[in-house]
Amino acid sequence: MSISVVLQWGAIITVFAGCLFVLSALPAKTSGGFSRSQLQAWMATLGASRIGWLVRFNIAGALLSFATVVLFFVGNSTLFGIFTLAAVLSLGLGAFVTRGLSGAVNRLPGVNIQVAQDAPLKATLASIVWRPDRWGRRTSELVRCVSVGNLFGVLWLEFAFMSDMGGRLMGLTPTGRVGLLFLASFIVLYACFRFGVRGIAFLDLILTPLIFLGVLVLLAGALYLALNAPAAASPMQWIEPKLPFQVIALFIVHVFCLNPFLLVVTEGHWFRMWAFGQPELKQQVPGLTVVAVVSICLVATGLLGGHALPGEPGDSLIARLLTTLDDQVPIFAAAFWVAGVAAMFSTADVQILGLALMVGFKSGTGESELSSGLLSRPKLSALVIAGCLSALYYVIRIVTKVDFEKLVFFILPAAITLLPALVFRITRQTATGAQFGVLLLGLVGYVITSLIGLARPADQLALNLGAVLIPVVISAGIWLSRPKLSQLVR
């Protein structure tokens with residue numbers, strides 16, 4: 001075993017062990033650790049300035065995904081060139097969209113997420129769109145199913161990418177990759193079920209700076225390689241896209257349709273609205289600024305690395321970059337794992353908390369109750385879910401070998417299919433079959449288009465990029481055809 005592999009395993013074990021140590025050192029939790037009063041009392045001891053950093057790091061940690069942000073910005077920035085920054089700009093726009101739509105939701109009668117409830121009864125999208133009639137209940141049940149599928153899918157992506165990179169960087173066999181996924185997912189799942197929201201909220205104060213630190217080390221390494229590479233191209237050529245203009249244009253439309261709405265259609269945002277209250281909205285701009293800074297560093301890493309080490313993009317570029325750097329100084333792959341495990345932990349915990357809420361959603365009352373089965377037996381719950389994640393990885397990535405990046409384009413944006421139901425709820429007072437219909441139409445259109453794109457070769461992304469337009473266009477139609485304010489009040 002080489003020094004590089006030893007250091008990589010050391011980095012992974014250290015981050016996981018450090019997270020568990022910090023969580024276990026917190027005061028003992030009660031009632032599953034999901035009590036708002038406990039969290040608010042603990043936050044009061046931090047002081048106003050620290051609370052601001054706590055919330056913005058929670059927002060940033062949820063968005064700085066290992067499987068999506070790191071893979072796309074480093075691995076694929078050479079394909080889109082300077083236009084990769086469109087994704088960063090569109091995320092910034094999302095701060096204002098999230099604040100506007102969240103404020104509109106909070107003004108709806110009986111749906112105020114920030115009401116001081118000790119349990120997160122209304123902190124889900126299914127609860128927001130729910131109404132006490134047949135169509136309202138049907139819509140909320142469909143929203144629940146989509147949310148659960150998306151949460152589980154994003155959770156799987158995080159651990160699957162870790163296992164894929166473990167195979168590339170540490171030479172793990174297929175069995176070793178499945179084993180790594182099982183152990184990593186079990187640790188994160190157990191930590192969330194055992195220590196609850198207070199521990200996870202606190203942990204992002206540590207994880208987000210670790211992500212930034214690891215990214216800076218990678219950027220420094222990529223810059224070193226670029227400066228010492230043969231001067232075969234001018235700096236302007238480094239940022240030129242390699243894909244056709246039509247694909248670049250569709251990519252820009254894709255990110256400006258998806259990213260501004262991404263936070264508001266994810267369960268993590270509404271959970272934080274319940275947990276943190278008004279600071280969740282006030283810290284949107286600072287939180288997304290942190291995301292933008294880290295993302296720009298990742299884009300620069302990908303562009304510099306792609307110039308210094310031309311070849312296949314995606315995770316191949318990441319592996320090529322880290323292997324080359326480690327041949328000179330064997331610390332860069334370890335730095336990658338520090339940032340990667342921190343990003344994976346901070347993204348996965350939000351998905352797990354959302355799953356715990358959605359499992360307990362009751363369409364009869366429109367309220368969510370945390371599943372007592374998941375929280376009362378955290379080890380068993382973590383074992384079962386980790387086993388399911390591992391089995392899926394074996395089938396999808398080892399047996400059938402479905403292209404991972406196509407899966408990212410299919411799974412991650414799937415939450416956007418919930419936007420029509422949310423916009424309908426904001427603009428209409430009564431539930432009708434139309435609310436269920438627009439939700440179903442956007443969902444079916446997105447799934448069919450994405451599945452066709454998934455079956456196409458890896459370098460054909462048009463359908464995967466264009467699928468998000470279907471629910472967004474439907475949502476725009478709902479918004480433009482909304483009743484006047486006088487009709488809503490009447």
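Scope of the values below: all heavy atoms of this structure, side chains included, with no hydrogens, waters or symmetry mates. Just so you know, these numbers come straight off a predicted model, no measurement behind them.
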Strictly by modelled atom types, are [X] and [Y] linked by a side-chain donor-acceptor pair under 3.5 Å?
| X | Y | value |
| --- | --- | --- |
| Ser316 | Arg168 | yes |
| Ser4 | Gln8 | yes |
| Asn76 | Glu405 | yes |
| Glu267 | Ser147 | yes |

Under 3.5 Å donor-acceptor, [X] side chain and [Y] backbone:
| X | Y | result |
| --- | --- | --- |
| Thr84 | Gly81 | yes |
| Asp204 | Leu207 | no |
| Asn259 | Ser90 | no |
| Thr347 | Met344 | no |
| Trp156 | Cys388 | no |
| Lys406 | Gly453 | yes |
| Thr449 | Ala467 | no |
| Ser450 | Val447 | no |
| Thr417 | Leu443 | no |
| Arg320 | Leu309 | yes |

Measure the shortest side-chain to side-chain distance between [X] and [Y] over non-hydrogen atoms and say whether it is less than 4.5 angstrom.
| X | Y | value |
| --- | --- | --- |
| Tyr393 | Asp164 | yes |
| Pro286 | Val290 | no |
| Trp337 | Val15 | no |
| Phe186 | Phe159 | no |
| Ser346 | Ile211 | yes |
| Ile252 | Phe256 | yes |

Verify side-chain contact (heavy atoms from CB on, under 4.5 Å) between Leu325 and Leu225, making sure each step is shown before the conclusion. CA-CA 8 Å; Leu325 287 170; Leu225 290 179; 3.6 Å; yes
Please name the pair of heavy atoms, one in [X] and one in [Y], separated by the smallest distance, quoted to 0.1 Å.
| X | Y | result |
| --- | --- | --- |
| Gly75 | Pro313 | O-CB, 3.4 Å |
| Asp326 | Ile331 | OD1-N, 3.6 Å |
| Phe332 | Gly221 | CE2-CA, 3.6 Å |
| Ser102 | Leu281 | CB-CD2, 3.6 Å |
| Met358 | Ala126 | CE-CB, 3.8 Å |
| Gly302 | Thr78 | O-CG2, 3.5 Å |

Reported [atom1]-to-[atom2] distance for the pair [X] and [Y], which is rounded to 0.5 angstrom:
| X | Y | atom1 | atom2 | value |
| --- | --- | --- | --- | --- |
| Ile59 | Leu64 | CD1 | CG | 11.5 Å |
| Trp53 | Asn58 | CH2 | CG | 13.5 Å |
| Leu465 | Gln246 | CG | CD | 13.0 Å |
| Thr98 | Met273 | OG1 | CE | 10.0 Å |
| Leu63 | Thr68 | CG | OG1 | 8.5 Å |
| Trp9 | Met170 | CH2 | CE | 4.5 Å |

Assess whether atom [atom1] of [X] is packed by more than 12 heavy atoms of other residues, nucleotides or ligands within 6.0 Å.
| X | atom1 | result |
| --- | --- | --- |
| Phe404 | CZ | yes |
| Tyr394 | OH | no |
| Leu451 | CG | yes |
| Phe16 | CZ | yes |

For side-chain contact (heavy atoms from CB on, under 4.5 Å), just list the numbers for Val472 and Ile416, CA-CA rounded to whole Å, side-chain angles, deciding distance to a tenth of an Å, and then say yes or no. CA-CA 7 Å; Val472 172; Ile416 199 68; 3.9 Å; yes
Just do the side-chain hydrogen bond (donor to acceptor under 3.5 Å, both in side chains) check on Thr139 and Arg425 with the steps written out, would you? CA-CA 10 Å; Thr139 301; Arg425 181 67 180 91; over 6 Å; no
Verdict with reasoning, Phe336 to Phe66, per ring pair (Phe, Tyr, Trp, His ring centres under 6.0 Å): CA-CA 10 Å; Phe336 168 80; Phe66 188 32; 5.6 Å; yes
Val88 and Val291: side-chain contact (heavy atoms from CB on, under 4.5 Å), yes or no, with the steps? CA-CA 8 Å; Val88 181; Val291 175; over 6 Å; no
Can you check side-chain contact (heavy atoms from CB on, under 4.5 Å) on Val105 and Leu422, steps first, answer last? CA-CA 9 Å; Val105 168; Leu422 181 64; 3.9 Å; yes
Residue that, paired with Phe80, satisfies side chain to side chain contact (heavy atoms under 4.5 Å, CB included) out of Leu303, Val255, Leu243: Leu243
